[in-house]
Structure formats: structure tokens, C-alpha cells
Chemist: 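Here you go, one structure.
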Amino acid sequence: MSLISEYGFVLLVLACAFGFFMAWGVGANDVANAMGTSVGSRALTIKQAILIAMVFEFCGAYLAGGQVTETIKNGIVDAELIPPDLFILGMMSSLLAAGTWLFIASLRGWPVSTTHSIVGAVIGFAAVGISADAVHWGAIGPIVASWVVTPFMSGIIAFGLFMSVQALIINTDNPFQNAKRFVPVYMFLTGFMVSLMTFTKGLKHVGIDLATSQSLLLSVAMGVLVALLGMALLSRIKVDEEADRAFHFASVEKVFAVLMIFTACSMAFAHGANDVANAVGPLAAVVGAIQAGGDMTIGAKSAVPGWVLLLGAVGIVIGLATYGYKVIATIGREITELTPSRGFAAELATASTVVTASALGLPISTTHTLVGAVLGIGIARGIGALNLGVIGKIFTSWLVTLPVGAGLSIVFFLFFQAIFT
């Protein structure tokens, strides 16, 4: 008698619990990538950041999370080479291992990569618990490469955005007026980019399939709407001469603080779209295998159920609300000094990179991408603007995460094998 027929319901309940625990870890740890810069630049308070992130992380995870989830679910291991019973136990072990490491890291305030955690865990159980042949080593290459390429790409975009702000606004005769003139353009780009991602990729998972031309037109319309809303908000901002005496660009930064609200929303959406996969990818694989009665050819090809995305989205929100503040403080205040204009460049660059990678189905590390963007801004200001000690600790945590995830996964896999077989 197979495990699925004997313990199917118990396995499903345990998998859902571990998936929720992993999603909690994503919210508690990785959500700092979405909100840290907004809080660090004082454009938003921690409470405001958490409220914004709760809405947009949820929308990103539920509407646009299915594409990357497929990569985590089917792209890393060959489900057809692994016996169904062992596949289910392995995916459960991966969720529990990654969730445990994220829990430890969140308690310490370390911003680690949830993507490293779950990819390492899946590789660990498959390579050691099953066979090295069960791992799609060819698929690992692009994922690992993305961990290097995306911070570099994000850093270049952030550097370019920051230099454009310097050229068009900061280094001009009338920076305040130029800020009010050009910031709506940046708002249009933010609205357009996130809308395009949602219309072209995300809505397919909720049963709405739009043509490319329709998606483009709707995205332009959303970009214009965001720009108009921004202009209405900007019209209320007046020059604060007293603040400008203390800091010449104080009034300009107030304009960028409004823009940061829009980039924070887009960053949270992009983060939810990419990182929900880390929690629900293995869970979706378990659900598919159990529903198919152990037939891995059917289970591996089954669509990600909406309720699984919903469970991951809710877990992310609860993790953020309960423990997100610790890592938000690390990212937002300790890497470099951020102002709204610098934070905007970092956030829009990160969101653009994550949205692009999410559309391609690459499970990139948002942590790497954001740190790359912040480094790009630091380099634009001069290397002395960076806190190299904190950056060193972050890099170290990145190196440790993948082997720790793999090691924990192997331990849990052997434990579950002993209990269920």
C-alpha cells in the first residue's frame, strides 16, 4: 500500500502547514526587500509600509505568482524519476527546512535569500535522498546565474535612474519645479511596468487571458492613471524654505516621498509575484501528486490551484505583520544613508528587474537584486557612502543559506522516511 492511499490526508495537512510556515518566513524576512528602502528613506513609517505591503504583496502573490511557481515546482527536479511517496516527503522536507532557516534568520534580523533556502532544500533532498540524476542540473545553471546577473542588472538600472534624477532635477537651477515636472514621468513608468506584468502573465492564473495589444493598451492607461494621481498629490506640495535652509533639497525630497509610495506598491507587488513561489511551489507539487493518486506524469503537469496561491499569499502577509519589522530595519537603515530620491531609484530598479525575471519564470533572489540596486546608488555617490561591514555580513549570510537549506532538508527527509515508511 502506498503512502498516498494510506496517509494522503495527513500528508496534505502537513504539507499545507509547512507551506504556510515557509510563506510566513518569506513575509517576515524577505519582505524587507520590498519595504526597507521606503522606511529607511523616511518616506513611509513602518506601520504604513506594512499596510501597503499587506495589500500589494497579496495581490502580486495571488495574481502573478503562478509563473515562477511552475519553475520551483517542476524545473529543479525530475518528478518522474522520483517515486511519488519519496517526492511528497522530499517536498515537505524542503518546505520545513527552508521555513526553519528563515525563522532563525528573522529572529536575528538577517536578510537572507528565501530563493536560496528553498532551491538548496529541494536540491539537497533530491541529490542525497534520491539520486544526483533526479536533479535537473541544467536548469540550476540559469537560476544560479540569475543570482549574479540580477544584482548587476539592478545596480546598473539604479545607477542610471539615480544619474537621470541628478541630471534632470538635482543639478539644475530650479530643482523643485523640475521635480514636479519629471516625477510624473517616473510614476508613469512605475504604473506601466507593473500593469504590463499583471496583464500579460498574472491574470492567466485567474482565468483572464488578454491579447498582447490589449495588455499594452491597458498598461499605458494604468500608467497614465498613476501619473495623473501623482500629479494631483504633487500639486499640494509647496516649497518649504525653512527646511531648504537646513538641507538645500528638502522640498525636492518631499516630491520624491510621494513617488516612493508608488514605487513601494510596485516593489511589494513584484516581490509577492516572485517570492510566493518559494512557499507554494513545493506545496503545489505535493497537492498535484496526491490529487493524481501518485501519477507523477499528471501531478507534475497539473496547474497551480488558486487556493494554494491564496494560502501562500496569506502566509506572507501574516509573516510581514508579525515579524517583518526586524529585517526592514537592517535593509533600510544600515547599508547606506537613503533619501526618498535614492530610495526611489533603488526600488524602481529592483521592481523592474524582479518583474522581468518573474515574467521569464526565473526564481531570482529579491534580496540580491535590492542590495545590487542599493550598491549601484552607493557607487554613484562614492564608495565611502556604503557600510561595508553590513554588506559583508549580508554576503556571508547569502553564502551560508544554500548549504544550510540543503542540510536541514536532508535531515528532515530522513526523519519523515523513518516515520512514514
Chemist: What do the steps show when you test N29 against W101 for side chain to side chain contact (heavy atoms under 4.5 Å, CB included), and what is the final call?
Modeler: CA-CA 10 Å; N29 193 287; W101 172 238; over 6 Å; no
Chemist: Side-chain contact, heavy-atom cut-off 4.5 Å: W307 with C16?
Modeler: yes
Chemist: Which of these, L228, L348, L259, sits in a side-chain contact (heavy atoms from CB on, under 4.5 Å) with M187?
Modeler: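 The side-chain contact (heavy atoms from CB on, under 4.5 Å) with M187 is passed solely by L259 among L228, L348, L259.
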Chemist: Looking at side-chain heavy atoms only, is the closest gap between V314 and V317 below 4.5 Å?
Modeler: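 No, their side chains stay 4.5 Å or more apart.
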Chemist: Can you tell me how far CG of L102 sits from CE of M22, rounded to the nearest 0.5 angstrom?
Modeler: 5.0 Å
Chemist: Can you find a side-chain donor-acceptor pair between S106 and W24 that sits under 3.5 Å?
Modeler: no
Chemist: Under the ring pair (Phe, Tyr, Trp, His ring centres under 6.0 Å) test, which residues partner F416, sequence neighbours left out?
Modeler: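 If we apply the ring pair (Phe, Tyr, Trp, His ring centres under 6.0 Å) test to F416, skipping adjacent residues, the hits are F18.
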Chemist: Which heavy atom of S154 sits nearest a heavy atom of A373, and at what distance?
Modeler: OG-CB, 3.3 Å
Chemist: Please give me the minimum heavy-atom distance between I377 and A345, naming the atom from each residue.
Modeler: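 Minimum heavy-atom contact is CD1-CB, 3.7 Å.
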Chemist: Do you know the tightest heavy-atom contact between G376 and F159?
Modeler: O-CD1, 3.6 Å
Chemist: Give, for atom CG of L320 and atom CD1 of I316, the distance between the pair rounded to the nearest 0.5 Å.
Modeler: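 Here the interatomic distance stands at 9.5 Å.
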Chemist: Would you please classify the geometry between the F256 ring and the F344 ring as parallel, tilted or perpendicular, with 30° and 60° separating the classes?
Modeler: tilted
Chemist: What's the shortest heavy-atom distance between K180 and I237, and which atoms?
Modeler: NZ-O, 3.0 Å
Chemist: Which value, rounded to the nearest 0.5 Å, describes the distance between L95 atom CG and T100 atom OG1?
Modeler: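 Reported to 0.5 Å precision, the distance equals 10.5 Å.
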Chemist: Which atom pair, heavy atoms only, marks the closest approach of P282 to M91?
Modeler: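 Where P282 meets M91 most closely, the heavy atoms are CB-SD, 3.7 Å.
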Chemist: Taking the side chain as every heavy atom from C-beta outward, state whether I170 and V252 have any pair of such atoms under 4.5 Å apart.
Modeler: yes
Chemist: To the nearest 0.5 Å, what is the distance between CD1 (I52) and CE (M260)?
Modeler: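 That separation rounds to 10.0 Å.
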Chemist: For the OG1 atom of T45 and the CG atom of L51, what is their distance to the nearest 0.5 Å?
Modeler: 8.0 Å
Chemist: Using modelled atom types and a 3.5 Å cut-off, is there a donor and acceptor pairing between side-chain atoms of E57 and backbone atoms of A313?
Modeler: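 Side chain of E57 to backbone of A313, a donor-acceptor pair under 3.5 Å: no, none is there.
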Chemist: Partners of Q177 by side-chain contact (heavy atoms from CB on, under 4.5 Å), sequence neighbours excluded?
Modeler: N174
Chemist: Are any of the side-chain heavy atoms of L89 and F125 separated by less than 4.5 Å?
Modeler: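 A side-chain contact under 4.5 Å is absent here.
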Chemist: Is there side-chain contact between S38 and E347, with heavy atoms separated by less than 4.5 Å?
Modeler: yes
Chemist: Taking only residues two or more places apart in sequence, or in another chain, which ones meet F182 in a side-chain contact (heavy atoms from CB on, under 4.5 Å)?
Modeler: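 In terms of side-chain contact (heavy atoms from CB on, under 4.5 Å), with neighbours along the sequence ignored, F182 is linked to L168, I169, N178.
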Chemist: Taking only residues two or more places apart in sequence, or in another chain, which ones meet F188 in a side-chain contact (heavy atoms from CB on, under 4.5 Å)?
Modeler: F192, V220, V224, A227
Chemist: Going by heavy atoms in the side chains, are V122 and S409 under 4.5 Å from each other?
Modeler: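 Result no, sub-4.5 Å side-chain heavy-atom pair not found.
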Chemist: Rounded at 0.5 Å granularity, tell me how far OG1 in T350 sits from CE in M153.
Modeler: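 Reported to 0.5 Å precision, the distance equals 10.5 Å.
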Chemist: Would you please name every residue forming a side-chain contact (heavy atoms from CB on, under 4.5 Å) with L233, sequence neighbours left out?
Modeler: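 Testing L233 for side-chain contact (heavy atoms from CB on, under 4.5 Å), a comparison that skips the adjacent residues, returns V258, F262.
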Chemist: Would you say L107 and Y323 make side-chain contact, with heavy atoms under 4.5 Å?
Modeler: yes
Chemist: So do T339 and R342 actually touch side chain to side chain, heavy atoms under 4.5 Å?
Modeler: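 They are in side-chain contact.
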Chemist: Holding to ring pair (Phe, Tyr, Trp, His ring centres under 6.0 Å), I want the full list of residues that pass it with F21, two or more places apart in sequence or in another chain.
Modeler: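 Here no residue qualifies.
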Chemist: Any idea which heavy atoms bring A15 and V286 closest together, and the distance?
Modeler: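 Looking at all heavy atoms of both residues, the shortest contact is CB-CG1, 3.7 Å.
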